[in-house]
Amino acid sequence: MRVFVAGGSGVLGRRLVPLLVARGHQVTASTTSAAKVGSLEQLGAEAVVMDGLDAVSVGEAVAAARPDAIMHQMTAISVTHAGKPDMKHMDRWFAGTNRLRTEGTDHLLAAAEATGVTNFVAQSYGAWNGIRAGGWVKTERDPVDPMTGTAAEPGMKAIGHVEDAVVKAGGAVLRYGWFYGPGATDDLVEPVRKRQFPVVGSGAGHCSWVHLDDAASATVLAVEQRAKGVFNIVDDEPAPAGEWLPYLAECAGAKRPMRVPVWLARPLAGDVAVTMMTEGRGFSNARAKRELGWEPRYPSWRQGFKEELA
């Protein structure tokens, strides 16, 4: 197939492009930076500079590529708010990504319609943000939590827009768990090593993880099978913060994380971090395994963290 990867120079795009090429697909990958064209070409893609927030730029890039399938992997996390994780001000940290998930999604879907492309796969997020009712693990039938009144609310609205618009257009939405792996692990480990990432309160809030290579392999299966609907792309083991965080610290050779009460964490880290740590809901990968035939190479973050930090 001719596959257009919007956001090909991102942390997942860089794992996705060579995998698509290795499976015999012709890849056109977009980047916002002319400086990244060469690295995309080295991965085997034809590279194009595109502004995902400019409808004309998107329309021209997609029309020139004449794709059979479009993958929406555009984010702006690494260049927003100095690239530092900032859950307290998540609205600011994710502002660029939220626009790409709303306006950018609409531009790509319009370009898909204009070129007759119906095979459309988009990135969503399903790590700790499952709806906070009932059990700790959510399926695709469960919505993401709207996080009303918190700094995460604009981000959850943007995710809702991606899911609604893409499913309505007959495409597939992949709710990726929390990424780790090449290019993603360092941002996670650095605050753990500095003991800036404590366990909050009970630490009972659950989270789902996925290694970047597993996220890439699931995405390729989704596009090859012309998947439709929502899929949770997470490993087999949703886990409470009180388990995964001390284990991550141990693998990183760091001291055990501190434990901080909710009343102290809230003014320091904000409502979103407290919710994630104490009430977060993880996700089930049963549908992706059953319908896409996907088998993660890292079925547990335990194995993945150990290998990444060896």
Side-chain angles (χ1 to χ4, degrees), residues 75-102 123-138 142-164 175-180 184 187-210 232 234 238-246 248-249 256-283 301:
T75 61
I77 301 166
S78 60
V79 293
T80 306
H81 208 58
K84 295 263 192 292
D86 185 3
M87 294 191 86
K88 189 173 184 181
H89 305 106
M90 211 166 178
D91 47 349
R92 294 207 300 247
W93 180 32
F94 271 81
T97 294
N98 293 343
R99 285 189 69 195
L100 287 166
R101 285 181 170 156
T102 50
Q123 174 181 140
S124 183
Y125 182 71
W128 49 268
N129 55 318
I131 194 85
R132 284 173 290 155
W136 291 106
V137 182
K138 301 298 163 192
D142 297 301
V144 296
D145 196 302
M147 298 295 294
T148 308
T150 73
E153 184 178 358
M156 297 309 136
K157 274 187 178 160
I159 284 169
H161 180 83
V162 174
E163 296 195 354
D164 292 345
R175 283 179 184 165
Y176 300 116
W178 196 335
F179 285 151
Y180 69 97
D187 288 345
L188 182 67
V189 169
E190 194 184 341
V192 171
R193 287 198 171 120
K194 291 178 179 171
R195 300 196 88 196
Q196 294 169 346
F197 201 149
V199 176
V200 174
S202 64
H206 278 52
C207 180
S208 285
W209 295 87
V210 68
N232 298 331
V234 296
E243 275 183 39
W244 64 257
L245 187 49
L248 177 64
R256 193 170 174 85
M258 291 184 278
R259 198 173 271 272
V260 173
V262 167
W263 64 265
L264 180 59
R266 203 177 293 281
L268 292 173
D271 290 338
V272 180
V274 169
T275 296
M276 180 189 90
M277 284 273 174
T278 59
E279 297 181 76
R281 300 298 201 264
F283 291 82
W301 47 271

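Given the structure is predicted, the values throughout are model-derived calculations rather than measurements. Nothing fancy with the numbering, it's 1 onward along the sequence.
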Fill in the blank from the handout: Tightest non-hydrogen contact, residues Y125 and G177, listed as CE1-O, 4.3 Å
Fill in the blank from the handout: Tightest non-hydrogen contact, residues A204 and P240, listed as O-CB, 3.7 Å
Problem - Close side-chain approach of P146 to I131, heavy-atom, < 4.5 Å - result: yes
Exercise for the section: Starting at CE of M147, measure out to CE of M276 and round the result to the nearest 0.5 Å. Expected result: 10.0 Å
Practice task
Report the relative orientation of the aromatic rings in W244 and W209; use parallel for angles under 30°, tilted for 30 to 60°, perpendicular for over 60°.
Solution key: perpendicular
Practice task
Could you tell me whether K157 atom NZ has more than 12 heavy atoms of other residues or ligands within 6.0 Å of it?
Solution key: no
Problem - Considering all heavy atoms, the nearest A241-P246 contact - result: O-CD, 3.5 Å
Exercise for the section: Could you tell me whether a side-chain N or O of H89 sits under 3.5 Å from a main-chain N or O of M87, the two making a donor and an acceptor? Expected result: no
Completion exercise
D145 meets the salt bridge (Lys or Arg N to Asp or Glu O under 4.0 Å) criterion, sequence neighbours left out, with R132
Handout entry: P198 and P257, any side-chain heavy atoms less than 4.5 Å apart
Key = no
Handout entry: Side-chain heavy atoms of F283 within contact of N129, under 4.5 Å
Key = yes
Problem - Any side-chain heavy-atom pair of F197 and L188 under 4.5 Å - result: yes
Completion exercise
side-chain hydrogen bond (donor to acceptor under 3.5 Å, both in side chains) filter on E163, not counting sequence neighbours, yields S124, R175
Problem - Exercise: identify the closest heavy-atom pair between V200 and V274 - result: CG1-CG2, 4.3 Å
Anything under 3.5 Å between a donor and an acceptor, one on a side chain of residues 259-268, the other on a protein residue two or more places apart or in another chain? List them.
residue, atom, partner, partner atom, Å
R259, NH1, G201, O, 2.9
R259, NH1, S202, O, 3.4
R266, NH1, D271, OD1, 3.1

Completion exercise
Sorted by chain and number, sequence neighbours left out, salt bridge (Lys or Arg N to Asp or Glu O under 4.0 Å) with R281 holds for none
Practice task
Classify the ring geometry between Y176 and F179 as parallel (under 30°), tilted (30 to 60°) or perpendicular (over 60°).
Solution key: tilted
Fill in the blank from the handout: Nearest heavy-atom contact between V199 and G242 is CG1-CA, 4.3 Å
Exercise for the section: Quick one: list whatever passes side-chain contact (heavy atoms from CB on, under 4.5 Å) with L100, sequence neighbours left out. Expected result: L53, M74, A76
Practice task
Please report the closest heavy-atom contact between M90 and W128, naming both atoms and the distance.
Solution key: CE-CZ2, 4.0 Å
Problem - Backbone N/O of V272 and side chain of T150: donor-acceptor pair under 3.5 Å - result: no
Problem - Intermediate values then yes/no, side-chain contact (heavy atoms from CB on, under 4.5 Å), R101 and T75 - result: CA-CA 8 Å; R101 285 181 170 156; T75 61; 4.3 Å; yes
Exercise for the section: Only pairs at least two apart or in different chains count here, so list each salt bridge (Lys or Arg N to Asp or Glu O under 4.0 Å) that has a residue in residues 191-205. Expected result: E190-K194
Exercise for the section: Hey, could you give me the OG1/CE distance between T148 and M156, rounded to the nearest 0.5 Å? Expected result: 11.0 Å
